[in-house]
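The structure appears right after this line, and notes come after that.
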2 protein chains.
Amino acid sequence: MSSYQANGYWYGEGRSVPEAVDLLNLMRRYREAERRMRAATRGSMGMNETDMSALRFLLAEHRKGVTPRQRDFAEELGISNASVSVLIDRLCRDGYAERVVHPADRRSVGIVPTDYSDTEVRGTLHRMHEQMMDAVGTLSEDERVAAAKFLEAMIRSVEIDDEPSRPSAGKGVVREGALPSR
Amino acid sequence: MSSYQANGYWYGEGRSVPEAVDLLNLMRRYREAERRMRAATRGSMGMNETDMSALRFLLAEHRKGVTPRQRDFAEELGISNASVSVLIDRLCRDGYAERVVHPADRRSVGIVPTDYSDTEVRGTLHRMHEQMMDAVGTLSEDERVAAAKFLEAMIRSVEIDDEPSRPSAGKGVVREGALPSR
DNA sequence: GAATATCTTTAGACAGGCTAACTATTAGCT
DNA sequence: AGCTAATAGTTAGCCTGTCTAAAGATATTC
């Protein structure tokens with residue numbers, strides 16, 4: 001399997017220019033490495049997959065000035081409202097989030113992250129994010145164009161036969177102006 | 001948010017050359033698209049995540065002429081032997097695999113895929129794989145080199161701070177599983 | 001051939017998902 | 001206003017897939 005060498009960049013059978021199969025192998029390796037990384041973060045925080053996704057979503061929305069409702073979590077995560085209810089219970093119990101009354105609709109519960117959760121996540125995932133930004137920063141303009149072309153081709157490959165195309169898909173997120181709630 | 005246009009390739013704020021952040025967004029979009037694709041396949045076959053991984057592993061080993069034991073599944077998937085036992089029960093029950101006596105060790109049970117499972121999987125995941133190969137085939141040599149450089153940088157970013165470096169990582173890795181979560 | 005090691009199975013517990021039913025609130029109709 | 005339908009969240013009961021611990025079956029070693 002793929003005679004890769006850390007510093008020399010050799011591929012397939014002694015090739016120094018990657019073929020399609022080599023790029024696919026690199027994609028697979030990246031996916032594995034990222035999965036391990038996220039798993040480690042999750043493990044160190046004692047959280048499961050969906051709770052972690054929920055927390056990341058919560059922090060992202062909060063940074064945009066939006067206070068999501070439980071319903072938004074259900075849509076984002078693709079799980080039922082009932083499951084979200086229990087999920088938020090867990091996040092609150094462990095000090096990552098708090099329930100607040102939603103100013104615009106008293107049926108709804110607004111969810112806000114605690115300061116604790118922000119610093120906790122920043123210490124791990126944000127660090128990875130910055131490293132990735134730095135890494136890409138070393139590429140030339142031509143290389144970035146090529147990388148983008150490659151990624152776009154890959155995306156088209158895996159989504160083409162599901163539906164015609166839906167690039168910046170959905171995000172039916174209710175922008176819900178106002179209420180920074182803080 | 002990210003004014004992407006399906007045919008024109010515009011990024012960030014009207015840029016036509018992608019910045020680091022645009023490439024990271026593309027990575028995220030690819031990950032999402034692939035996840036949806038795998039989820040759809042899995043759904044259409046009525047299987048869960050680990051069972052699907054197990055089946056892919058089984059087919060890959062079989063193609064190499066190897067008859068894996070249950071123990072091998074446990075290592076590959078990062079779950080306990082007990083769980084593998086039940087997992088193989090499911091695969092057999094649904095007609096994807098069969099238990100045979102292991103030629104070399106009669107304590108062990110050899111697992112072989114059925115013809116049915118091979119055609120079933122070929123019809124879905126292999127099709128995606130071929131589309132990806134075709135897509136990458138349209139890139140020039142320079143573009144493939146750049147894409148590889150990009151991917152290598154990304155891999156380094158997400159695995160560098162876990163351990164010094166372990167490029168072809170494979171096998172020995174402790175696969176995430178098992179966190180008590182109180 | 002008895003002791004020990006290895007591979008699998010079974011039993012029981014737990015976590016996190018689901019649906020269905022219930023309460024509280026809001027929106028629409030007349 | 002008042003009734004009805006729709007929406008948000010909670011709770012209860014079930015199911016699946018994981019785990020650990022213990023037991024069964026076969027190999028290996030002395």
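Values below: every heavy atom of this structure, side chains too, minus hydrogens, waters and symmetry copies. Please read all numbers here as calculations on a predicted model, not as lab measurements. By convention in this document, chain letters (A, B, ...) are assigned in the order of the sequence lines, proteins followed by strands, and residues within each chain are numbered from 1.
Between B:D94 atom CG and D:dT16 atom C1' the separation is 13 Å, expressed in whole Å. Going from atom CE of B:M47 over to atom P of D:dT16 covers 15 Å, rounded to whole Å. When rounded to the nearest whole Å, the span between CG of B:L77 and P of D:dC19 equals 10 Å. C:dG17 atom C1' lies 12 Å from atom CG of A:D51, rounded to whole Å. The separation between B:H102 atom NE2 and C:dT8 atom C1' is 13 Å, rounded to whole Å. A:N48 places its CG atom 13 Å from the C1' atom of C:dC14, with the value rounded to the nearest Å. Taking atom CD1 on B:I79 and atom C1' on D:dG17, their separation rounds to 9 Å, with Å as the unit.
Taking B:F150 as the reference, nothing meets the ring pair (Phe, Tyr, Trp, His ring centres under 6.0 Å) condition, with sequence neighbours excluded. Considering only residues two or more places apart in sequence or on other chains, A:V101 meets the side-chain contact (heavy atoms from CB on, under 4.5 Å) condition with none of them. Under the rule for a side-chain contact (heavy atoms from CB on, under 4.5 Å), the partners of B:T41 that lie at least two apart in sequence or sit in another chain are B:M37, B:M45, B:M52, B:T124, B:L125.
Contact annotation: B:T50 does not reach the phosphate of D:dG17 (side-chain N/O to OP1 or OP2, under 4.0 Å).
For B:R106, whose side chain is taken as the heavy atoms from C-beta onward, the closest listed nucleotide among D:dT26, D:dG17, C:dT26 is D:dT26.
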Side chains of residues 78-88 of chain A: which donor-acceptor partners sit under 3.5 Å, not counting sequence neighbours?
from	atom 1	to	atom 2	distance (Å)
A:S80	OG	A:S83	N	3.2
A:S80	OG	A:S83	OG	3.0

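Clustering of Ile, Leu, Val, Met, Phe, Trp and Tyr by side-chain heavy atoms under 4.5 Å joins B:V100 with B:V112.
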Practice prompt. Give the B/S/- string for nucleotides 7-14 of chain D, one per nucleotide from 5' to 3', where a protein heavy atom under 4.0 Å of the base yields B, of only the sugar-phosphate yields S, and otherwise -.
Written response: BSSBB---
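A:A20 and B:R144 make their closest contact through N-CD, 4.4 Å (heavy atoms, listed as atom of the first residue, atom of the second, distance).
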